Participant: 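Shown below is the structure under consideration.
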Amino acid sequence: MKNITLDITKAAQFLEAGAVEAYESQVKAAQEALENGTCPGNDFLGWLHLPSSITADFIGQLQACANVLRDNCEVVVVAGIGGSYLGARAVIEALGNSFAWLVGDKKNPTILFAGNNIGEDYLAEMCDYLKDKKFGVINISKSGTTTETALTFRLLKKQCEAQRGKEEAKKVIVAVTDAKKGAARTCADKEGYTSFIIPDNVGGRFSVLTPVGLLPIACAGFDISQLVAGAQDMEKACGKDVPFSENIAAQYAAVRNALYAKAGKKIEIMINYQPKLHFMSEWWKQLYGESEGKDGKGIFPASCDFTTDLHSMGQWIQEGERSIFETVISVEKPNRTMLFPEDEENLDGLNFLAGKRVDEVNKMAELGTRLAHVDGGVPNIRLSVPELNEYYLGQMIYFFEIACGISGNVLGVNPFNQPGVEAYKKNMFALLDKPGYEAESKAIKERLAAEK
C-alpha cells in the first residue's frame with residue numbers, strides 16, 4: 001500500500017533558503033519530548049502509540065457491540081460534542097453516500113449526530129424524526145455533565161425507553177465514558193448499559209482511534225480494522241527515528257511554524273476539493289485550534305470547500321491581507337467514474353470537455369487555483385491521499401495528530417489542555433443560577449446591569 005505524501009515546496013519558497021530545515025533540531029527535540037513524556041501535558045499522551053496498542057480482540061469487541069446496534073436499529077444517534085463526535089463524523093461522511101439520508105440504505109443504519117448544540121428547534125425536530133423509528137444511542141461523554149450532550153441524552157433516553165420499553169432500550173443504549181467516575185459512568189452502571197472506556201490519558205480531540213470514534217464508525221458499516229491499520233502504518237512512518245527528510249509529520253510541523261514565525265502567516269486554511277472531506281476539516285480545526293490557541297499564540301485554523309468556496313471566499317484568498325497559507329488535501333483517485341456529457345446545442349460552450357472524467361476537470365481546477373494562489377502570495381502545502389478509504393483516513397488521522405503534538409511543542413504551548421474552553425461555561429452557569437455559582441452569578445448580573 002502507498003502512503004499519503006506531503007509537498008511543502010510551494011510553501012517553503014516564501015521563506016528564506018533553509019528556513020524549514022532550520023527547524024529540524026527543534027522538531028526533533030519536540031518529538032523526543034513527546035516520546036519521553038517530558039513535554040507540558042505529558043499526562044495526556046495516550047494517543048501517541050494508541051494505534052499500535054489496539055488488538056484484534058478489542059476491535060472484535062467493538063464490532064460485536066456495533067452489530068447489536070446494527071441488527072436492532074434503523075437509526076443510531078451519536079450524542080457527543082467536540083472531540084466526542086467530530087472524528088467519527090469526519091470518517092463516516094468521508095466514506096458514506098453523500099445522500100445517505102435520502103437513498104435509505106437498507107444494509108446500514110442511519111447515523112445521526114446530536115448533543116453538539118443547544119438548539120431547541122434542532123432537538124425538537126430530531127425527536128419528531130425519531131418518533132416512528134427503532135433507534136439506539138451511543139452516549140459519548142467522560143463526565144456525563146457537559147450541558148449540550150447531557151441534555152440531549154436525557155431526551156433520547158426517555159424517548160427510547162418510551163418507544164421500546166426499558167429492557168429493550170438497555171440493549172441499544174451504549175455508554176462511552178470514564179472507567180470509574182462521572183454521571184455517565186454512574187448511569188451506565190445503574191442501567192446496565194454496555195459501555196466502553198475513554199482512556200484517562202487521551203484528550204477528546206485525540207480520541208478518534210478509541211471507542212469514541214471506532215464504535216460509531218463500525219455502526220455505520222465501515223472497516224475499523226483498516227482504519228486502525230492505516231494509523232499503525234503512519235505511526236511507523238512518522239516515528240522519532242525517521243529522518244526529517246522522510247518524516248512528513250515533522251516537515252508539516254516545521255513549515256507551518258516557520259511560516260508563522262518567519263513570514264507572518266497567522267491563518268491556515270484547510271482546503272479540500274472533495275465535498276466528502278468537509279467534516280475532516282472540522283475535526284482538524286478543533287485539533288489544531290484547541291491545541292495551539294493559547295498563551296496569546298497560535299495559527300488560526302480555518303477551512304474552505306473548493307471549488308464551492310472559490311465563489312464566495314476566492315476573492316479574499318487571492319487578493320486579501322497576506323496573512324494566510326493553505327494546506328490542500330488532494331484525493332488522487334475518486335471511487336466513482338462519471339464522464340462530462342456532450343450537448344448538441346453547446347449553449348454553455350463546454351463541449352471541449354465532453355468525454356473527460358469529471359475528476360479531471362476538478363483536478364485542473366485544483367492545479368489552476370494552486371498556481372493562482374501561489375502567484376497571489378499564498379504559501380501552499382499539499383497533502384496527497386491515494387483514495388478515500390478506511391486505510392488512508394487512518395493514515396490522515398494519525399498524521400495530523402502527531403504533527404499537532406510536535407507543532408504545539410515547537411510553538412511553546414501545552415498542546416493537550418484547553419483552559420480557555422471553561423470561560424464561557426462559567427458565565428453560562430452563573431447566568432442560569434446553577435448551584436455553587438452564586439458569587440459568579442451576582443458579579444456577572446451586576447456587570448450586565450452596569451453596562452445597560
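Since the structure is predicted, the reported quantities are computational estimates derived from the model, not experimental observations. Numbers for residues simply follow the sequence, beginning at 1.
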Participant: For residues Q13 and V374, determine if any side-chain heavy atom of one lies less than 4.5 Å from a side-chain heavy atom of the other.
Facilitator: yes
Participant: Is a salt bridge present between E332 and K2, judged by a nitrogen-to-oxygen distance below 4.0 Å?
Facilitator: yes
Participant: Do N117 and E148 come within less than 4.5 Å of each other through their side chains, counting heavy atoms only?
Facilitator: no
Participant: Can you tell me how the ring of F400 sits relative to the ring of W283, calling it parallel under 30°, perpendicular over 60° and tilted otherwise?
Facilitator: perpendicular
Participant: Short question: side chain of K131, backbone of C127 - any donor-acceptor pair under 3.5 Å?
Facilitator: no
Participant: Return the minimal non-hydrogen interatomic distance between I317 and V378, and the atom names on each side.
Facilitator: O-CG2, 3.4 Å
Participant: Counting N and O atoms only, with roles assigned by atom type, does the side chain of K294 sit under 3.5 Å from a partner on the main chain of N414, one being a donor and the other an acceptor?
Facilitator: yes
Participant: So, the side chain of N272 versus the backbone of Q274: is there a donor-acceptor pair under 3.5 Å, distance only?
Facilitator: yes
Participant: Is the closest side-chain heavy-atom distance between K285 and S303 below 4.5 Å?
Facilitator: yes
Participant: What's the shortest heavy-atom distance between E401 and S207, and which atoms?
Facilitator: OE2-N, 4.5 Å
Participant: Give, for atom CG of N247 and atom SG of C238, the distance between the pair rounded to the nearest 0.5 Å.
Facilitator: 4.5 Å
Participant: Using 0.5 Å steps for rounding, measure from the OG1 atom of T186 to the NZ atom of K181.
Facilitator: 11.0 Å
Participant: Would you say the side chain of V208 lies within less than 4.5 Å of the side chain of F206, judging by non-hydrogen atoms?
Facilitator: no
Participant: Could you tell me if Y391 and Q395 have a donor-acceptor pair between their side chains, going purely by distance under 3.5 Å?
Facilitator: yes
Participant: Test side-chain hydrogen bond (donor to acceptor under 3.5 Å, both in side chains) on N139 and K157; report intermediate values, then the result.
Facilitator: CA-CA 10 Å; N139 186 40; K157 178 177 181 290; over 6 Å; no
Participant: Between K28 and E32, is the closest basic N to carboxylate O distance under 4.0 Å?
Facilitator: yes
Participant: Determine, for E191 against K170, whether the closest basic-nitrogen to carboxylate-oxygen distance falls under 4.0 angstrom.
Facilitator: no
Participant: Looking only at heavy atoms, what is the nearest atom pair of L15 and A263, with distance?
Facilitator: CD2-CB, 3.9 Å
Participant: Do you know which two heavy atoms are closest between K107 and R70, and how far apart they sit?
Facilitator: O-NH2, 3.4 Å
Participant: Taking the basic N atoms (NZ, or NE/NH1/NH2) and the acidic carboxylate oxygens, is any pair closer than 4.0 Å for D241 and K236?
Facilitator: no
Participant: Students often mix this up, so state it plainly: with edges at 30° and 60°, are the rings of Y252 and F399 parallel, tilted or perpendicular?
Facilitator: tilted
Participant: Below 4.5 Å, heavy atoms only, C-beta onward: do V174 and Y193 meet side chain to side chain?
Facilitator: no
Participant: Determine whether P301 and W284 make a side-chain contact, defined as any pair of heavy atoms from C-beta on separated by less than 4.5 Å.
Facilitator: yes
Participant: Would you please classify the geometry between the Y398 ring and the W47 ring as parallel, tilted or perpendicular, with 30° and 60° separating the classes?
Facilitator: tilted
Participant: Looking only at heavy atoms, what is the nearest atom pair of A30 and N409, with distance?
Facilitator: O-ND2, 3.4 Å
Participant: Side chains of D7 and S384: do they bring a donor and an acceptor to under 3.5 Å?
Facilitator: no
Participant: Are any non-hydrogen side-chain atoms of N72 and E168 less than 4.5 angstrom apart?
Facilitator: yes
Participant: Does some side-chain heavy atom of C65 sit less than 4.5 Å from a side-chain heavy atom of L215?
Facilitator: yes
Participant: Before accepting this row, confirm whether a basic side-chain N of the pair R382/E366 lies closer than 4.0 Å to the acidic partner's carboxylate O.
Facilitator: yes
Participant: Please tell me whether E235 and S52 have a donor and an acceptor in their side chains that are separated by less than 3.5 angstrom.
Facilitator: yes
Participant: Could you verify whether a donor N or O on one side chain and an acceptor N or O on the other, from H278 and E93, lie under 3.5 Å apart?
Facilitator: no
Participant: Hydrogens and angles aside, do Q163 and Q159 bring a side-chain donor and acceptor to less than 3.5 Å of each other?
Facilitator: yes
Participant: Using a strict 4.0 Å threshold on nitrogen-to-oxygen distance, state whether E74 and K134 make a salt bridge.
Facilitator: no
Participant: Identify the heavy atoms of S141 and I198 that sit nearest to each other, and give their distance.
Facilitator: C-CD1, 4.2 Å
Participant: Can you find a side-chain donor-acceptor pair between D57 and T55 that sits under 3.5 Å?
Facilitator: no
